[in-house]
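Note sheet for the following structure.
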Amino acid sequence: MGGKATRDTGARDRIKAQREADRKREQRKRMATFATVAVVAVAAVGAGWWYAAQQSQSETASEKTAPITVQSDGAVVMANAGVQSPVLDIYEDFQCPACQSLETTSGSTIKNLAVEGKVKVVFHPITIFGDDPTKSNSVRAGAASRCAPSGQWLAYHDKLFAEQPNEAVEGFKTPDLVSWGKDVGITDPAFEKCVTSQQYAQAHQAYSKKVLDSNVIKQGTPTVLLGGKELGNVAFQPSDLRQAVLDAAK
Amino acid sequence: MVLVTSDQPAPVRSPWVNMALPWVTTVARLVVAGVLIVAGWLKIGNPALSVRAVEAYELLPGQVATAVGHGLPILEIVVGVLLVVGLLTRAAGVVSALLMLAFVIGIASAWARGLRIDCGCFGGGGQLAAGQEPEYFWEIVRDFGIFLLAAWVVWRPPGRLALDSALGLAPDREPYDRYDDDELDADEAPDTKENG
């Protein structure tokens, strides 16, 4: 009887040891699988992250800019002489944060393409906001931009986006609008009076209404059209935007 | 001398509950994953606006906001996919829960500071169109609900239909494993005590 008990204990110990070894091996295998999956997942996030950073990498703006023409209706053309197509229409609001994003991300590419004679850019500054304070902020800035002479128009446009106020507060106040003009080199004495009296406020709102009524804007500002077709996210990705314009020029 | 069994028996659950609980985890996984994948997908095509949406909260310094704006959409998608297939379920659940907690804090803080922003949760974010009012309360309720689901996933991973189980990565062993061990050890460490 005692012998059987010992044998049983021995067998039981062996089974136990075997189980322990199995468990250890399982454990190692589990750790290896776990680590592999974790590394792959982290690598995927890292790669996507890097790609996103590349996608929104801005070009360096060239020193020169293409000639600017402020049209009577308020649209502003930026193109080398004789460049008629493709046309890049940019509908934007000086108070709109996404428009500011477009400018900081792709503004330099748009300027460069115009200087290279690859595209005719048409800016359409409008007011898309319907409530204050954003609406009156936007109207003041839009009206002031029309006061800027064509030589400094683009610099003033960039300055307005750089100085964009928070949407919850009153901003783009006329004294600021005047001094920013001086900052970008506007010396014309008529500029100050034009901004302070808000000479173009009505015309700016009339043009905004015309644009909004035409239904060219489907999803808010900015709306970027290349040859009349909406660009969507491509407009926010400098290298893709450049490629789209070059393809359209072919 | 009277032998009595331990006065703390293992909690007895009906077989029905044992069957149903892993499926609850599976459903929670799929709901959390669905929200994350949609949110990430809508943002991933436009890194510039994704950054903008993060900046709108005015909580993170410029460089950090840019990094988060670039990384968040892909993180949401990868974690979402892990949850769908049930891989690294507990870790993915922890990340989802932390993300949701961060969103709740961000939205609550924007609300408290009177910022007028779209949460940016589903892409496009940053600003609201004219006449639109932010719905902070419902955004917080929604994100907190998803947080609770994610917490459930952390508590009871990996649920049914999970690769973790197929690959032996499930953090909790299945009940029948434990039963096996108990049987082996039963005669050596009887779960009884003498009362005398």
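Keep in mind that the numbers below use all heavy atoms, side chains included, and drop hydrogens, waters and symmetry copies. Proteins get letters first, then strands, A, B, ... in listed order; numbering begins at 1 in each.
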Should we count CD of Gln202(A) as having more than 12 external heavy atoms under 6.0 Å?
no
Check whether more than 12 heavy atoms from other residues, nucleotides or ligands sit under 6.0 Å from atom CH2 of Trp50(A), and answer yes or no.
no
Quick check on Lys118(A): does its NZ atom have over 12 non-hydrogen neighbours (other residues, nucleotides or ligands) under 6.0 Å away?
no
When only pairs under 4.5 Å are counted, which of Ala53(A), Gly220(A), Ala44(A) shares the most heavy-atom pairs with chain B?
Ala53(A)
Can you tell if the side chain of His70(B) reaches within under 4.5 Å of the side chain of Gln55(A), non-hydrogen atoms only?
no
May I ask you to check whether over 12 heavy atoms, not counting those of Lys159(A), lie within 6.0 Å of atom NZ?
yes
What do you reckon, is CD of Glu20(A) surrounded by more than 12 foreign heavy atoms closer than 6.0 Å?
yes
How close do Ile74(B) and Val45(A) get, counting heavy atoms only, and between which atoms?
CG2-O, 3.5 Å
What's the separation between atom CG in Leu167(B) and atom CZ in Phe34(A), rounded to the nearest 0.5 Å?
12.0 Å
Tell me, side chain or backbone of Ala47(A) under 4.5 Å from chain B's heavy atoms, or both, or neither?
neither
Non-hydrogen atoms of chain A under 4.5 Å away: do they reach the side chain of Ala92(B), the backbone, both or neither?
neither
When rounded to the nearest 0.5 angstrom, what is the spacing between CZ in Arg52(B) and OG in Ser56(A)?
14.0 Å
How long is the straight-line distance from CG of Leu49(B) back to CG of Asn233(A), given to the nearest 0.5 Å?
7.0 Å
So what's closer than 4.5 Å to chain A heavy atoms on Leu82(B): side chain, backbone, both or neither?
side chain
Under 4.5 Å from a heavy atom of chain B, the part of Thr105(A) involved:
side chain
Considering residues, nucleotides and ligands other than Trp152(B), do more than 12 of their heavy atoms fall under 6.0 Å from its CH2?
yes
Work out which heavy atom in Gly114(B) is nearest to a heavy atom in Ala168(A); give both atom names and the distance.
O-CB, 4.5 Å
Heavy-atom contact with chain B under 4.5 Å, split by part of Gln219(A)
neither
Which bit of Glu55(B) comes within less than 4.5 Å of chain A, counting heavy atoms only: side chain, backbone, both or neither?
neither
Would you kindly say whether Gln237(A) and Asn46(B) are connected by a side-chain donor-acceptor distance under 3.5 Å?
no
Counting heavy-atom pairs under 4.5 Å with chain A, which one of Ser50(B), Pro73(B), Ala67(B), Gly69(B) comes out on top?
Ala67(B)
